[in-house]
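Letters A, B, ... are given to chains in the order of the sequence lines, protein chains preceding strands, and every chain is numbered from 1. These figures come from a predicted structure and were not determined experimentally. Values below: every heavy atom of this structure, side chains too, minus hydrogens, waters and symmetry copies.
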There are 2 protein chains.
Amino acid sequence: MAETNLQVLLRRRPVGAPTPEDFEIVETPPPAPGEGEVLVRARYLSLDPYMRGRMSDAPSYAKPVAIGAVMEGRTAGEVVASRDPRFKPGDLVAGGYGWQRYSAVSGERLIKVDEAEAPLSAWLGVLGMPGLTAWVGLEDIGQPKPGETVVVSAASGAVGQVAGQIARIRGCKVIGIAGGPAKCDFVVRELGLDACLDHRGDLPAQLDAACPEGIDVYWENVGGPVQAAVFPRLRDFARMVMCGMIAQYNEAPGADAAGAPPGPNLGPVVRKRLRIQGFIVSDTGWPRYPRFRAEMLGWMREGRMKWREDVVEGLRNAPAAFIGLLKGQNFGKLVVKVD
Amino acid sequence: MAETNLQVLLRRRPVGAPTPEDFEIVETPPPAPGEGEVLVRARYLSLDPYMRGRMSDAPSYAKPVAIGAVMEGRTAGEVVASRDPRFKPGDLVAGGYGWQRYSAVSGERLIKVDEAEAPLSAWLGVLGMPGLTAWVGLEDIGQPKPGETVVVSAASGAVGQVAGQIARIRGCKVIGIAGGPAKCDFVVRELGLDACLDHRGDLPAQLDAACPEGIDVYWENVGGPVQAAVFPRLRDFARMVMCGMIAQYNEAPGADAAGAPPGPNLGPVVRKRLRIQGFIVSDTGWPRYPRFRAEMLGWMREGRMKWREDVVEGLRNAPAAFIGLLKGQNFGKLVVKVD
C-alpha cells in the first residue's frame with residue numbers, strides 16, 4: 001500500500017461521557033489480508049450509540065473493545081485486495097471493520113453494494129445496520145397494525161427515521177419525538193410523520209394532545225424522561241420495542257444498569273397486557289438482510305423512504321462526532337467521510 | 001326455593017387494604033333463571049387476588065363492581081334449575097357467579113365438572129381459572145425449555161403451585177419463592193420443586209446460591225422487593241411472565257399504578273433482550289380450556305400434579321379470608337365452602 005493506515009484506538013475506558021483523551025489516533029501500516037479475507041479501504045465509517053457500550057467493560061451482549069485496540073465500527077468502501085474469490089479490487093462493499101482507513105475482514109461479513117441503487121454512505125444507514133434494526137424490531141416486536149398509533153423517539157436519528165417511515169407505510173398514525181424545532185420540522189415535512197413533539201417542551205401535555213387515544217407501539221431509543229412520559233400513555237396490548245436508551249449510556253453502560261435511575265412501576269404491564277421487549281439486530285437480523293434490502297430499495301424507488309445524513313469530514317474528527325452523538329448533537333444518521 | 005340467597009356486597013370502595021366494613025352481607029330471595037340461564041347453588045367460592053382490582057374504580061381491564069352489587073367471583077356447585085337444555089338439576093358445574101349462595105348465569109359460562117375426576121373445589125383451582133392461568137402464561141410467554149431455570153413467586157399459591165409444577169414437568173430447574181418455612185417446605189416436599197426461598201430472608205443472596213447461572217423465566221405474582229431481587233438476575237433472553245403484583249394491589253390497584261413505587265431501570269431489557277409481558281387469562285385462555293383440562297387431568301392421574309387448598313368455612317367469613325389473602329395469610333388455593 002502506498003498509503004498508511006489511520007486508526008482510532010480506545011486509549012482508556014471513559015467514566016461518564018467520553019472525552020477526546022479516551023481515544024488515540026495512530027498511523028500504522030495497512031494490514032495484509034489472510035486467506036478468505038478482503039482488504040477494504042473505508043470511504044465512510046458509521047458512528048452509532050452502541051459503541052459507547054463497547055468502550056465499557058460492564059457486562060453486555062458483546063465483548064468490550066480492548067484498551068489499545070481499534071474502536072469497533074462498520075465501514076463502507078472499496079476493495080483494494082482480496083483473498084476471497086467473491087470479491088475483486090474496485091468492488092464496493094459494506095461491512096469493513098473499525099474506526100480506521102484500512103481493514104482486513106472475512107469476506108463472510110461483507111455485503112456487495114451498488115451505488116446505482118443508493119449512495120455508498122446509505123449502505124451504512126437506511127440500507128445498513130440502523131435500517132435493518134428498524135425493520136427487524138417492527139417485524140418481531142412492534143408489529144404495527146393499520147390504524148394503530150406509533151410513537152418513535154429520536155425520530156430524526158439513524159434508526160428512528162426508518163422506524164417512523166416504515167410504521168407510516170404500514171398504515172399507522174406515527175408521532176415522532178425529537179430535540180428542537182429543526183429536527184421536528186424535518187420529521188414532519190421530510191419524513192412525512194403525522195406530528196413530531198419536541199422533548200424539550202412539556203412532553204406529557206404534547207403527547208396527550210397528539211395521541212388522545214393512547215399509544216399502541218412505542219419505539220424506545222432514549223429512555224429517561226421521554227420513556228417516563230410515554231409509559232403511562234400506552235394502551236392495552238401495547239408493545240414497547242426496546243432498541244436503546246441512549247439517555248443513560250454514559251451513566252450506566254452495563255447490562256445491570258448499576259447507577260441508573262429507577263424505571264416505571266410494572267403494575268400496568270399486567271393490567272394493560274403490555275409487552276416490553278429488547279432486541280439486538282445482530283442476533284437474528286442479518287439472515288433477513290436480503291428480504292429487508294429488497295423491500296427497502298422498493299420503498300426508495302417509490303420515493304416513500306427518505307433519509308438524512310450528518311456527514312463529518314475526516315477520521316480524526318470521529319471522536320468529537322461520537323461524543324456529540326451521545327448528546328444528541330447530530331442531525332440524521334452520523335457518518336464519517338474517511339480521508 | 002326453600003332457602004334464601006346469601007350475598008356479600010361491595011359496600012364501599014376500600015382505601016388501601018380492604019376492611020370488613022367495606023363489605024355488606026345480606027339475605028335476599030334467590031334469583032329466577034332467565035331464558036338460557038341456569039340457577040347454580042354454590043358449594044365453593046374461589047377467592048383470588050384480582051378481586052381487589054374490582055373493588056376499585058381505577059382504570060383496569062374489567063369494570064369495577066358497582067357499590068351495592070354482589071362481589072365478583074367464580075363458584076362451583078350444583079344446578080338447581082335450568083333453562084338451558086344442556087344442564088339439568090343435579091349437574092355439577094363450575095362458573096357460577098359472585099360471592100353468593102345462588103346465582104343465575106348463562107349456560108355459556110358454565111363448565112360441567114366430574115367429581116370422579118377431581119373434587120368439586122379443585123375445579124376452581126388447579127382445574128379452574130388459576131390453573132388455566134399458569135398453563136396459558138407459560139405457553140404464551142414463559143415458554144420454558146428443558147434445562148432452563150425458572151423462578152416462581154408466591155409458589156405455594158393458587159397459580160404459583162401450578163406454574164412451578166408445569167415448569168418441572170417441562171424439564172426445567174424450578175426455584176420457588178414463598179413466605180415462611182411451612183410454605184417453603186410444602187413447595188419442595190409436596191410440589192417437588194428444586195428449592196424454595198423464603199422472601200423474609202436475604203432473597204438476593206438466596207437467589208445467588210440457588211441459581212448461580214441466572215434465571216431464564218420469572219413467574220411474577222408479587223412485585224415489590226421480590227421483583228427487585230429477581231430482575232438483575234435475569235439471563236440473556238429471559239422472559240418475565242407478568243401475572244400479578246399482589247404486593248401493591250392495596251396501594252395502587254389501577255392500571256396507571258398511581259402512587260406505586262418505581263420499578264427497575266429498563267436498560268437491561270435492551271442489552272439482555274428481555275421480554276416482560278403481562279396477560280389476563282380471560283383474554284384468550286378459555287377457548288383453550290379443553291386442551292388444558294385434558295393435559296392437567298393426565299398429570300393428575302399420573303400423580304405429577306399436586307395441589308393444596310385453604311378452605312374457609314362459611315360465606316360470612318369470605319371478607320376476612322379475602323383480606324388475609326392480600327396479606328399472604330392463606331396457604332394454598334383459597335376457597336370458601338359455601339353454607
(request) Please look at A/Leu274 and chain B and tell me whether the side chain, the backbone, both or neither of the residue comes under 4.5 angstrom of a heavy atom of that chain. (result) backbone
(message) Applying salt bridge (Lys or Arg N to Asp or Glu O under 4.0 Å), can you list everything that pairs with A/Arg291, at least two apart in sequence or on another chain?
(response) A/Glu139
(request) Enter the distance from B/Gln277:CD to A/Gln277:CD here, rounded to the nearest 0.5 Å. (result) 7.5 Å
(message) Tell me the closest heavy-atom pair linking B/Arg271 and A/Ser60, and the distance in Å.
(response) CD-OG, 3.8 Å
(message) Counting only non-hydrogen atoms closer than 4.5 Å, does A/Phe237 touch chain B with its backbone (N, CA, C, O), its side chain (CB onward), both, or neither?
(response) side chain
(request) With sequence neighbours excluded, tell me which residues meet ring-ring contact (aromatic ring centres under 6.0 Å, His included) with A/Phe292. (result) A/Trp135, A/Tyr289
(request) Please name the pair of heavy atoms, one in A/Val270 and one in B/Met242, separated by the smallest distance, quoted to 0.1 Å. (result) CG2-O, 3.7 Å
(request) Would you give the length of the straight line joining atom OH of A/Tyr61 to atom NZ of B/Lys272, rounded to the nearest 0.5 angstrom? (result) 15.0 Å
(request) Please answer whether the main-chain N or O of B/Pro261 pairs with a side-chain N or O of A/Asn265 as donor and acceptor at a distance below 3.5 Å. (result) yes
(request) Under the side chain to side chain contact (heavy atoms under 4.5 Å, CB included) rule, what do B/Met240 and A/Leu266 come out as? Steps first, then yes or no, please. (result) CA-CA 11 Å; B/Met240 263 177 86; A/Leu266 297 180; 4.2 Å; yes
(request) Please look at A/Glu220 and chain B and tell me whether the side chain, the backbone, both or neither of the residue comes under 4.5 angstrom of a heavy atom of that chain. (result) neither
(message) To the closest 0.5 Å, what do you measure between CZ (A/Arg273) and OG1 (B/Thr284)?
(response) 10.0 Å
